[in-house]
There are 2 protein chains.
Amino acid sequence: MKNRIRVLRAERRWSQAELAAQVGVSRNSIISIENGHFDPSLSLAFAIADAFGCKIEDIFERDPPKPKA
Amino acid sequence: MKNRIRVLRAERRWSQAELAAQVGVSRNSIISIENGHFDPSLSLAFAIADAFGCKIEDIFERDPPKPKA
DNA sequence: GCATAATGCAAAGTTAACTTTGCATATTGG
DNA sequence: CCAATATGCAAAGTTAACTTTGCATTATGC
(Lines give C-alpha, C1' and ligand atoms only; values in the text may rest on other atoms or scores of the structure.)
Protein backbone atom coordinates (compact mmCIF):
# COMPACT_ATOMS: atom_id res chain seq x y z
CA MET A 1 0.00 0.00 0.00
CA LYS A 2 1.38 3.37 -1.02
CA ASN A 3 1.26 6.42 1.21
CA ARG A 4 2.25 10.08 1.36
CA ILE A 5 3.65 10.10 4.86
CA ARG A 6 7.14 11.13 3.85
CA VAL A 7 5.84 14.12 1.91
CA LEU A 8 3.45 15.20 4.64
CA ARG A 9 6.25 14.91 7.19
CA ALA A 10 8.57 16.96 5.01
CA GLU A 11 5.97 19.70 4.64
CA ARG A 12 5.80 19.94 8.42
CA ARG A 13 9.51 19.28 9.00
CA TRP A 14 8.75 16.42 11.35
CA SER A 15 11.21 13.63 11.93
CA GLN A 16 10.08 10.03 11.93
CA ALA A 17 10.68 9.99 15.67
CA GLU A 18 8.42 13.00 16.21
CA LEU A 19 5.61 11.48 14.21
CA ALA A 20 6.03 8.17 16.01
CA ALA A 21 5.73 9.92 19.36
CA GLN A 22 2.66 11.84 18.26
CA VAL A 23 0.78 8.79 17.14
CA GLY A 24 2.05 6.57 19.91
CA VAL A 25 4.07 3.90 18.11
CA SER A 26 7.76 3.08 17.79
CA ARG A 27 9.96 4.76 15.24
CA ASN A 28 10.44 1.46 13.49
CA SER A 29 6.72 1.22 12.85
CA ILE A 30 6.79 4.57 11.08
CA ILE A 31 9.79 3.55 8.97
CA SER A 32 8.15 0.27 8.00
CA ILE A 33 4.85 1.86 7.08
CA GLU A 34 6.47 4.79 5.30
CA ASN A 35 8.61 2.45 3.19
CA GLY A 36 5.76 0.06 2.51
CA HIS A 37 7.10 -2.90 4.46
CA PHE A 38 3.72 -3.34 6.10
CA ASP A 39 0.36 -1.66 6.36
CA PRO A 40 -0.80 0.16 9.48
CA SER A 41 -3.75 -0.99 11.50
CA LEU A 42 -6.92 1.01 10.97
CA SER A 43 -6.58 2.72 14.34
CA LEU A 44 -3.01 3.72 13.56
CA ALA A 45 -4.12 4.98 10.17
CA PHE A 46 -6.68 7.15 11.95
CA ALA A 47 -4.02 8.44 14.34
CA ILE A 48 -1.71 9.33 11.46
CA ALA A 49 -4.53 11.05 9.61
CA ASP A 50 -5.34 13.03 12.74
CA ALA A 51 -1.70 14.04 13.21
CA PHE A 52 -1.59 15.45 9.69
CA GLY A 53 -5.13 16.84 9.75
CA CYS A 54 -6.03 14.75 6.71
CA LYS A 55 -8.39 11.96 5.86
CA ILE A 56 -7.12 8.41 5.54
CA GLU A 57 -7.95 8.46 1.84
CA ASP A 58 -5.71 11.49 1.39
CA ILE A 59 -2.70 9.66 2.84
CA PHE A 60 -3.06 6.01 1.90
CA GLU A 61 -3.71 4.62 -1.54
CA ARG A 62 -5.39 1.29 -2.22
CA ASP A 63 -3.37 -1.42 -3.87
CA PRO A 64 -4.38 -2.09 -7.45
CA PRO A 65 -7.07 -4.80 -7.68
CA LYS A 66 -5.81 -8.32 -8.22
CA PRO A 67 -6.02 -9.67 -11.75
CA LYS A 68 -9.00 -12.00 -11.97
CA ALA A 69 -7.06 -14.91 -13.42
CA MET B 1 -13.81 0.99 17.31
CA LYS B 2 -17.44 1.54 16.35
CA ASN B 3 -18.72 0.97 12.85
CA ARG B 4 -21.87 1.11 10.77
CA ILE B 5 -21.42 -2.15 8.90
CA ARG B 6 -24.60 -3.74 10.23
CA VAL B 7 -26.70 -0.80 9.11
CA LEU B 8 -25.09 -0.57 5.69
CA ARG B 9 -25.59 -4.29 5.23
CA ALA B 10 -29.22 -4.03 6.23
CA GLU B 11 -29.81 -1.22 3.75
CA ARG B 12 -28.51 -3.48 1.01
CA ARG B 13 -30.01 -6.70 2.44
CA TRP B 14 -26.64 -8.40 2.41
CA SER B 15 -25.84 -11.25 4.75
CA GLN B 16 -22.56 -11.36 6.64
CA ALA B 17 -21.53 -14.23 4.39
CA GLU B 18 -22.19 -12.19 1.25
CA LEU B 19 -20.17 -9.27 2.52
CA ALA B 20 -17.37 -11.59 3.59
CA ALA B 21 -17.21 -13.09 0.12
CA GLN B 22 -17.22 -9.67 -1.53
CA VAL B 23 -14.32 -8.36 0.49
CA GLY B 24 -12.44 -11.65 0.54
CA VAL B 25 -12.35 -12.62 4.19
CA SER B 26 -14.04 -15.26 6.32
CA ARG B 27 -17.51 -14.77 7.76
CA ASN B 28 -16.02 -14.82 11.25
CA SER B 29 -13.90 -11.82 10.44
CA ILE B 30 -17.01 -9.86 9.50
CA ILE B 31 -18.80 -10.90 12.69
CA SER B 32 -15.83 -9.95 14.82
CA ILE B 33 -15.38 -6.58 13.19
CA GLU B 34 -19.09 -5.82 13.11
CA ASN B 35 -19.42 -6.59 16.82
CA GLY B 36 -16.27 -4.73 17.76
CA HIS B 37 -14.22 -7.72 18.86
CA PHE B 38 -11.34 -6.47 16.76
CA ASP B 39 -10.47 -3.80 14.27
CA PRO B 40 -9.95 -4.52 10.58
CA SER B 41 -6.64 -4.01 8.86
CA LEU B 42 -6.41 -0.87 6.75
CA SER B 43 -6.62 -2.85 3.53
CA LEU B 44 -9.73 -4.67 4.72
CA ALA B 45 -11.23 -1.35 5.77
CA PHE B 46 -10.64 -0.09 2.22
CA ALA B 47 -12.26 -3.22 0.80
CA ILE B 48 -15.32 -2.79 3.00
CA ALA B 49 -15.58 0.87 2.08
CA ASP B 50 -15.38 -0.06 -1.59
CA ALA B 51 -18.07 -2.72 -1.19
CA PHE B 52 -20.44 -0.15 0.28
CA GLY B 53 -19.35 2.69 -1.97
CA CYS B 54 -18.44 4.77 1.07
CA LYS B 55 -15.33 6.29 2.58
CA ILE B 56 -13.64 4.68 5.54
CA GLU B 57 -14.53 7.68 7.67
CA ASP B 58 -18.21 7.13 6.84
CA ILE B 59 -18.12 3.57 8.17
CA PHE B 60 -15.63 3.50 11.03
CA GLU B 61 -15.52 5.84 13.97
CA ARG B 62 -12.39 6.63 15.97
CA ASP B 63 -12.23 5.52 19.57
CA PRO B 64 -12.51 8.39 22.04
CA PRO B 65 -9.05 9.79 22.92
CA LYS B 66 -7.42 8.33 26.00
CA PRO B 67 -7.62 10.39 29.17
CA LYS B 68 -4.25 12.05 29.71
CA ALA B 69 -3.83 10.76 33.26
C1' DG C 1 -44.27 -27.25 12.01
C1' DC C 2 -40.23 -27.91 9.38
C1' DA C 3 -36.34 -26.80 6.51
C1' DT C 4 -33.22 -23.32 5.47
C1' DA C 5 -30.66 -19.31 6.01
C1' DA C 6 -28.56 -16.10 9.20
C1' DT C 7 -26.15 -14.99 13.23
C1' DG C 8 -22.84 -15.71 17.29
C1' DC C 9 -19.23 -17.70 19.55
C1' DA C 10 -15.34 -20.82 20.90
C1' DA C 11 -10.93 -23.01 20.23
C1' DA C 12 -6.76 -23.55 17.99
C1' DG C 13 -3.76 -22.34 14.40
C1' DT C 14 -1.26 -18.92 11.06
C1' DT C 15 0.14 -14.52 9.57
C1' DA C 16 1.02 -9.77 9.95
C1' DA C 17 1.45 -5.64 12.84
C1' DC C 18 4.15 -3.75 16.21
C1' DT C 19 7.96 -3.57 19.96
C1' DT C 20 12.69 -3.35 21.63
C1' DT C 21 17.49 -3.27 20.97
C1' DG C 22 21.32 -2.48 18.50
C1' DC C 23 24.15 -1.07 14.86
C1' DA C 24 25.44 1.31 10.40
C1' DT C 25 25.27 5.09 7.50
C1' DA C 26 23.80 9.75 6.05
C1' DT C 27 22.90 14.52 6.81
C1' DT C 28 23.09 18.79 9.20
C1' DG C 29 25.10 22.58 11.94
C1' DG C 30 28.52 24.81 14.65
C1' DC D 1 36.19 18.48 11.54
C1' DC D 2 33.21 16.97 15.05
C1' DA D 3 28.85 16.17 17.32
C1' DA D 4 24.30 15.59 17.08
C1' DT D 5 20.26 14.29 14.59
C1' DA D 6 17.93 11.52 11.15
C1' DT D 7 17.22 7.47 8.60
C1' DG D 8 17.34 2.27 7.56
C1' DC D 9 17.49 -2.31 8.61
C1' DA D 10 17.97 -6.81 11.15
C1' DA D 11 16.66 -10.11 14.63
C1' DA D 12 13.77 -11.84 18.01
C1' DG D 13 9.80 -11.37 20.72
C1' DT D 14 4.63 -10.11 21.68
C1' DT D 15 0.11 -9.00 20.34
C1' DA D 16 -3.69 -8.65 17.33
C1' DA D 17 -5.85 -9.76 12.92
C1' DC D 18 -7.58 -13.40 10.44
C1' DT D 19 -8.58 -18.53 9.22
C1' DT D 20 -10.93 -22.95 9.70
C1' DT D 21 -14.07 -25.92 11.86
C1' DG D 22 -17.81 -26.85 14.42
C1' DC D 23 -21.83 -26.20 17.05
C1' DA D 24 -25.86 -23.58 19.09
C1' DT D 25 -29.44 -20.33 18.62
C1' DT D 26 -32.55 -17.32 16.20
C1' DA D 27 -35.15 -15.71 12.30
C1' DT D 28 -37.59 -16.46 7.71
C1' DG D 29 -40.46 -18.75 4.46
C1' DC D 30 -43.42 -22.34 2.68
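Proteins get letters first, then strands, A, B, ... in listed order; numbering begins at 1 in each.
- Of the residues in residues 10-23 of chain A, those with a non-hydrogen atom less than 4.0 angstrom from any atom of DNA chain D are Ser15(A), Gln16(A).
- Rounded to the nearest 0.5 Å, atoms CD (Glu57(B)) and CG (Asp58(A)) are 8.0 Å apart.
- Judged purely by atom type and a 3.5 angstrom limit, Arg9(B) uses its side chain to pair as donor or acceptor with the backbone of Trp14(B).
- Between Asp39(B) and Phe60(B) there is no side-chain heavy-atom pair separated by less than 4.5 Å.
- In plain terms, the two heavy atoms of Leu42(A) and Pro40(B) that are nearest each other are CB-O, 3.4 Å.
- Place Gly24(A) and Ile31(B) on DNA chain C by their nearest nucleotides, and Ile31(B) ends up nearer the 5' end.
- For the pair Ile33(B) and Leu44(B), the tightest heavy-atom approach, listed with the atom from each and the gap, is CD1-CD2, 3.5 Å.
- The structure places CD of Gln16(B) at 11.0 Å from OG of Ser26(B), a figure rounded to the nearest 0.5 Å.
- Nucleic acid contact class of Ser41(B) (heavy atoms, under 4.0 Å, all strands): sugar-phosphate only.
- Along DNA chain C, read 5' to 3', the first and last nucleotides having any atom under 4.0 Å from a heavy atom of chain A are dA17(C) to dT21(C).
- The minimum heavy-atom distance linking Ala49(A) with Lys55(A) is given by the pair CB-C, 4.1 Å.
- Salt bridge absent: Arg12(A) and Glu18(A) never bring a charged side-chain N and a carboxylate O closer than 4.0 Å.
- Within 4.0 Å of Asn28(A), counting heavy atoms only, lies at least one base atom of the nucleic acid.
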